Novice: 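Mind having a look at this structure? Questions to follow.
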Amino acid sequence: MSSQPLHQQPVPLPVPAPAAAAELRVRIAAHAAADRWLPAFERDWGAALEESRATFDLTALHEVVREWQGRLDTAPAVETFTASGYEDTDSVALEEVIGARR
């Protein structure tokens with residue numbers, strides 16, 4: 001017999017630092033796409049803030065911070081890929097691989 005549980009509970013993600021949203025806003029403002037991204041971040045943050053006020057749960061705020069950190073962290077790779085002019089017209093349709101949905 002094993003002493004390990006059959007189903008392990010997922011490890012919760014670490015909580016962002018208290019100043020993470022402010023630091024994130026500074027990073028977004030310094031980005032080349034700040035004119036589009038800053039209003040989108042503020043909209044997402046505002047909606048999460050209202051949800052947190054109504055539910056007394058900070059999860060929505062943490063999710064906004066994690067999502068935008070991911071966007072900013074991957075932005076250079078996405079920009080490089082886009083600028084490379086890579087053609088993806090030789091791709092295969094998903095339906096050809098897995099079959100049509102019924």
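Count residues from 1 along the sequence. Quick caveat: nothing in here was measured; it's all calculated off a predicted structure.
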Novice: How many angstroms lie between CG in L61 and CH2 in W45, if you round to the nearest 0.5 Å?
Specialist: 4.5 Å
Novice: Taking 4.0 angstrom as the limit, do R66 and D73 come out as a salt bridge?
Specialist: no
Novice: Atom CG in L38, atom CZ in R25: separation rounded to 0.5 Å?
Specialist: 4.5 Å
Novice: Under a 4.0 Å N-O cut-off, is there an ion pair linking R27 with E23?
Specialist: no
Novice: Looking at CD1 of I28 and CZ of R36, how far apart are the two atoms once the value is rounded to the nearest 0.5 Å?
Specialist: 12.0 Å
Novice: Return the CG to CD distance between L49 and E42, rounded to the nearest 0.5 Å.
Specialist: 12.0 Å
Novice: Atom OG in S52, atom CD in E63: separation rounded to 0.5 Å?
Specialist: 9.5 Å
Novice: Identify the two heavy atoms, one from L24 and one from V65, that lie closest to each other, and give their separation to 0.1 Å.
Specialist: CD2-O, 3.7 Å
Novice: How many angstroms lie between NE2 in H62 and CG in L13, if you round to the nearest 0.5 Å?
Specialist: 11.0 Å
Novice: Grab the two heavy atoms, one from A34 and one from P39, that are nearest each other, plus how far apart they are.
Specialist: O-CD, 3.7 Å
Novice: Between F41 and A21, what is the shortest heavy-atom contact and its length?
Specialist: CZ-O, 4.0 Å
Novice: Which heavy atom in W37 sits nearest to a heavy atom in W68, and how many Å separate them?
Specialist: O-CH2, 3.6 Å
